[in-house]
*Asks:* 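Below you will find the structure I want to go over with you.
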Amino acid sequence: MSLVLVDHPLAQHYLTHLRDENTQPDRFRRFAKHLTTLLVVEATRQVKTRAETVNTPIQPTSGPVLANSLAAVPILRAGLAMLEPVLDLFPDVAVGYIGLERDEETAQARRYYAKLPQLDGRYTLCLDPMLATGGSAAQAIHFLKAAGAQQIAMVSVIAAPEGVEFLSNAHPDVPIFVAGYDERLNDKKYIVPGLGDFGDRLYGTL
Ligand code: PRP
Ligand code: URA
């Protein structure tokens, strides 16, 4: 299992405000964006660089620039909250979308949409804020691999131990980056303490 807990104080500050039930959708979206920036910086620590020579006002010098091409795939709908910060950090990123929805009774994810670019050779970030049972993430990563992705990172806001175990067993090659590693799932398969339904809090559909 490769789980990276981003424990930077600023990340933990945003996470606490996301958890707060009094945080309204406009601030929720802002905190989600800032927290994703911190998560993505960590999740892309391994991207490859190449040396490039530039001229400073003083003299030529060589320094690293990004060599990897990147892809980002948010899982609709909640994962959309995490896309804008990736676009801000990596303007050349290729973007795909996967629509998955959990059945409220069974908690099984059902795919209702997919549009993916060619992912071969691209370091691919799978974006979904909540890793609960892990079913949605495992299914999404299966589609990413079918579209050619060989190097994938899962970026989530909060994970439950059950979801991390399920995803790690299904896709042991995929590291998971989170800001919160919570206690457990409740009987409705919601993360405890969690933050409730991320998509509903993001879009005011409670
Ligand atoms: C949420 C969340 C994940 C999924 C996690 O989506 O955004 O996609 O549940 O649960 P899992 O790990 O048990 O599969 P939801 O189905 O509520 O859809 P939404 O994003 O459209 O609100
Ligand atoms: N999806 C959410 O939005 N929240 C949870 O706690 C679990 C799944």
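Just follow the structure's listing: the first ligand is 1, and inside any ligand the first atom is 1. Only a predicted model underlies this, so the values are computations on that prediction, with no experimental measurement involved.
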*Asks:* At what distance is the nearest protein heavy atom to atom 11 (P) of ligand 1, and which residue and atom is it?
*Replies:*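 Protein heavy atom with the smallest distance to atom 11 (P) of ligand 1: T133 OG1, 3.4 Å.
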
*Asks:* What's the shortest distance from atom 5 (C) of ligand 1 to any protein heavy atom, and which residue and atom give it?
*Replies:* M130 O, 3.2 Å

*Asks:* Determine, using heavy atoms of G134 and all atoms of ligand 1, whether some pair is separated by less than 4.0 Å.
*Replies:*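 Judged by the 4.0 Å heavy-atom criterion, G134 does count as contacting ligand 1.
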
*Asks:* Look at atom NE2 of H13 and say whether more than 12 heavy atoms of other residues, nucleotides or ligands are closer to it than 6.0 Å.
*Replies:*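 Yes, the 6.0 Å shell around NE2 holds more than 12 heavy atoms from other groups.
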
*Asks:* Could you find the nearest protein heavy atom to atom 17 (O) of ligand 1 and give me its residue, atom name and distance?
*Replies:*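 Checked against all protein heavy atoms, atom 17 (O) of ligand 1 sits closest to D197 OD2, 3.9 Å.
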
*Asks:* Which pairs count as side chain to side chain donor-acceptor pair (under 3.5 Å) when at least one residue sits in residues 76-88, sequence neighbours excluded?
*Replies:* K33-E84, R77-D200, R77-T205

*Asks:* Can you tell me which residue and heavy atom of the protein come closest to atom 22 (O) of ligand 1, and the distance to 0.1 Å?
*Replies:* R77 NH2, 3.1 Å

*Asks:* Can you tell me how far OH of Y190 sits from CG of L195, rounded to the nearest 0.5 angstrom?
*Replies:* 10.5 Å

*Asks:* Is the CD atom of Q150 crowded by more than 12 outside heavy atoms at less than 6.0 Å?
*Replies:*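 Atom CD in Q150 is crowded, with more than 12 foreign heavy atoms closer than 6.0 Å.
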
*Asks:* Nearest to atom 10 (O) of ligand 1, what protein heavy atom do you find, and at what distance?
*Replies:* R102 CD, 3.1 Å

*Asks:* For atom 18 (O) of ligand 1, which protein heavy atom lies nearest, and how many Å away is it?
*Replies:* L100 O, 4.0 Å

*Asks:* Where the closest heavy atom to atom 8 (O) of ligand 1 is concerned, which of L167, I158, D103, D128 has it?
*Replies:*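 Heavy atom nearest to atom 8 (O) of ligand 1 belongs to D128.
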
*Asks:* Let me know which protein residues bring a heavy atom to under 4.0 Å of ligand 2; chain then number is fine for ordering.
*Replies:* R102, M130, A132, K189, Y190, I191, G196, D197, F198

*Asks:* Got more than 12 heavy atoms from elsewhere within 6.0 Å of NZ, K145?
*Replies:* yes

*Asks:* Going by the atom numbers of ligand 1, which of them fall below 4.0 Å from some non-hydrogen atom of A78?
*Replies:*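 Contacts of ligand 1 toward A78, numbered from 1: 7 (O), 20 (O).
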
*Asks:* For residues R29 and L202, report the shortest heavy-atom separation together with the two atoms involved.
*Replies:* NH1-O, 2.7 Å

*Asks:* Quick check: does any side chain N or O of R102 sit under 3.5 Å from a backbone N or O of G135, one acting as donor and the other as acceptor?
*Replies:*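 The answer is no, because no donor-acceptor pair under 3.5 Å joins these two groups.
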
*Asks:* Any idea which atoms of ligand 1 are less than 4.0 Å away from a heavy-atom of E101?
*Replies:* 16 (O)

*Asks:* Just distances here: any N/O of I75 and N/O of ligand 1 closer than 3.5 Å?
*Replies:* no

*Asks:* Is there a donor-acceptor pair closer than 3.5 Å between any side-chain N or O of Q118 and the backbone N or O of D120?
*Replies:*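 Between the backbone of D120 and the side chain of Q118 there is a qualifying donor-acceptor contact (under 3.5 Å).
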
*Asks:* Where the side chain of R19 meets the backbone of G194, is there a donor-acceptor pair that is under 3.5 Å apart?
*Replies:*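 Side chain of R19 to backbone of G194: a pair is present.
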
*Asks:* So, do L5 and V178 sit near enough that their side-chain heavy atoms are less than 4.5 Å apart?
*Replies:*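 Of all side-chain heavy-atom pairs linking V178 with L5, at least one is under 4.5 Å.
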
*Asks:* Taking the side chain as every heavy atom from C-beta outward, state whether D182 and P193 have any atom pair closer than 4.5 Å.
*Replies:* yes

*Asks:* Find all atoms of ligand 1 within a distance of less than 4.0 Å from any non-hydrogen atom belonging to S136, and give their numbers and elements.
*Replies:*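 With S136 as reference, the close atoms of ligand 1 come out as 4 (C), 5 (C), 8 (O), 10 (O), 11 (P), 14 (O).
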
*Asks:* Side chain or backbone, does A132 bring an N or O within less than 3.5 Å of an N or O on ligand 1?
*Replies:*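 Yes; the residue has a nitrogen or oxygen that sits under 3.5 Å from a nitrogen or oxygen of the ligand.
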
*Asks:* For residues S136 and I75, report the shortest heavy-atom separation together with the two atoms involved.
*Replies:* O-CD1, 4.2 Å

